[in-house]
Amino acid sequence: MGKVLVIYHSNTGNTEAMAKAVAEGASYVPGTTVVTKKALEATAQDVLGADAVAFGCPTNFAYMAGAMKHFFDTSFFSLREKVTDKPYVAFVNTGRNIPDALNALERICGENLKLKKAAEQNALVHGKPTPEALTKCRDLGTALAQKAA
Ligand SMILES: Cc1cc2nc3c(=O)[nH]c(=O)nc-3n(C[C@H](O)[C@H](O)[C@H](O)COP(=O)(O)O)c2cc1C
């Protein structure tokens, strides 16, 4: 029985559409429970209680959106050394298709928190997600839930 947590921030809905697709894909794995939380409402306890976590946000000012950064800023000391090897995926929406925010997310998840990447390639989507982009997000959610099972 895997518990998948999707934490995301979205200003205008593009990342939210991706988050919903990731959650849907995770739900395809039998026995998976999926919980979705906004970054400003999520807590370290949510992550500690999950078997696998997806993080998503837009690129703002060439970095991850402040709300997502705030989540890491306020939960890092509670999570450090307690989430090593927990599977994660990341998804980012951008205006210009440059992976600066995705790189930053992956760095915090991988190098700082030592989470384990659950899919070879995380999702970087430009603007309103196309049906193909949403399929990629669903696949990402499924891959994550398979690691949580
Ligand atoms: C304040 C602000 C700063 C932004 N800075 C960047 C940026 O540096 N690079 C980029 O590619 N897109 C940038 N964008 C565009 C957003 O990443 C893009 O519109 C994205 O689709 C928003 O996702 P959302 O609908 O989930 O909020 C910025 C948007 C805002 C509002």
Side-chain angles (χ1 to χ4, degrees), residues 2-29 32-79 83 86-148:
K3 283 190 203 164
V4 170
L5 173 66
V6 181
I7 300 179
Y8 76 96
H9 176 73
S10 181
N11 292 316
T12 58
N14 293 330
T15 315
E16 184 161 58
M18 296 173 73
K20 285 182 177 162
V22 169
E24 184 186 333
S27 75
Y28 294 163
V29 177
T32 302
T33 308
V34 187
V35 173
T36 301
K37 290 237 169 164
K38 294 193 173 167
L40 291 174
E41 292 160 10
T43 65
Q45 207 53 44
D46 293 326
V47 173
L48 293 171
D51 296 306
V53 189
F55 299 96
C57 67
T59 307
N60 282 356
F61 303 118
Y63 196 71
M64 75 178 75
M68 191 80 242
K69 173 72 160 34
H70 177 75
F71 171 76
F72 290 117
D73 288 351
T74 53
S75 64
F76 179 68
F77 285 129
S78 302
L79 295 176
V83 292
K86 193 171 282 214
Y88 89 95
V89 295
F91 53 98
V92 164
N93 199 285
T94 76
R96 290 182 294 128
N97 229 5
I98 296 172
D100 33 24
L102 183 59
N103 291 342
L105 252 183
E106 290 184 340
R107 201 167 49 247
I108 289 178
C109 290
E111 292 177 25
N112 299 108
L113 289 173
K114 303 194 188 314
L115 299 167
K116 193 171 190 173
K117 208 169 165 186
E120 200 155 308
Q121 215 182 0
N122 283 315
L124 181 68
V125 170
H126 178 205
K128 185 169 189 260
T130 61
E132 293 74 25
L134 292 175
T135 297
K136 160 82 187 165
C137 292
R138 279 191 287 272
D139 290 347
L140 207 55
T142 302
L144 182 66
Q146 280 165 346
K147 295 272 164 52

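Keep in mind that this is a model prediction, so the values were computed, not measured. For ligands, and for the atoms within them, numbers begin at 1 and follow the listed sequence. The first residue of the sequence shown is numbered 1, and numbering continues consecutively from there.
Looking from atom 11 (O) of ligand 1 to the surrounding protein, the closest heavy atom is Arg96 N, 2.8 Å. The nearest heavy-atom contact from the protein to atom 22 (C) of ligand 1 is Pro58 CB, 3.7 Å. Counting only heavy atoms of the protein, atom 25 (O) of ligand 1 lies nearest to Thr12 OG1, 2.4 Å. From the protein, the heavy atom lying nearest to atom 30 (C) of ligand 1 is Asn60 OD1, 3.5 Å. Among all protein heavy atoms, the one lying closest to atom 13 (C) of ligand 1 is Thr59 O, 3.1 Å.
Residue contacts with ligand 1: Gly127 is placed with no nitrogen or oxygen under 3.5 Å of a nitrogen or oxygen of the ligand (distance criterion only). Residue Glu16 has no nitrogen or oxygen atom sitting less than 3.5 Å from a nitrogen or oxygen atom of ligand 1, judged on distance alone. Between His9 and ligand 1, no N or O atom pair is found at a separation short of 3.5 Å. An N or O contact shorter than 3.5 Å is missing between Asn97 and ligand 1 by distance. For the pair Gly95 and ligand 1, the shortest N or O to N or O distance falls below 3.5 Å.
Between Met64 and Phe72 the shortest side-chain heavy-atom distance falls below 4.5 Å. In this structure, Tyr8 and Ser10 have side chains that are in contact, with non-hydrogen atoms separated by less than 4.5 Å. With contacts defined as side-chain heavy-atom distances shorter than 4.5 Å, the pair Val83/Val47 qualifies.
Under a 3.5 Å cut-off, the side chain of Lys86 and the backbone N or O of Ala50 do form a donor-acceptor pair. Between the side chain of Lys136 and the backbone N or O of Leu124, no donor-acceptor pair lies under 3.5 Å.
Other residues, nucleotides and ligands place no more than 12 heavy atoms under 6.0 Å from the NZ atom of Lys38. Around atom NZ of Lys69, no more than 12 heavy atoms belonging to other residues, nucleotides or ligands sit under 6.0 Å away.
Atom 27 (O) of ligand 1 is approached by the protein to below 4.0 angstrom, counting heavy atoms only.
In this structure, Asn93 counts as a contact residue of ligand 1, since one of its heavy atoms falls inside 4.0 Å of the ligand.
Here ring pair (Phe, Tyr, Trp, His ring centres under 6.0 Å) pairs that include residues 87-142, with residues two or more places apart or in two chains, number zero.
Here the CG atom belonging to Leu105 is positioned 8.5 Å from the CG atom belonging to Asn122, to the nearest 0.5 angstrom.
Contact atoms of ligand 1 toward Thr15: 23 (O), 24 (P), 26 (O) (distance under 4.0 Å to a heavy atom of the residue). Less than 4.0 angstrom separates some heavy atom of Phe61 from each of these atoms of ligand 1: 1 (C), 3 (C), 4 (C), 5 (N), 6 (C), 7 (C), 8 (O). Counting atoms of ligand 1 from 1 in the listed order, those under 4.0 Å from a heavy atom of Asn11 are 24 (P), 26 (O), 27 (O). Below 4.0 Å from some heavy atom of Ala62 lie the following atoms of ligand 1, by number and element: 7 (C), 8 (O).
No hydrogens or angles considered: nothing links the side chains of Thr142 and Asp139 as a donor-acceptor pair under 3.5 Å.
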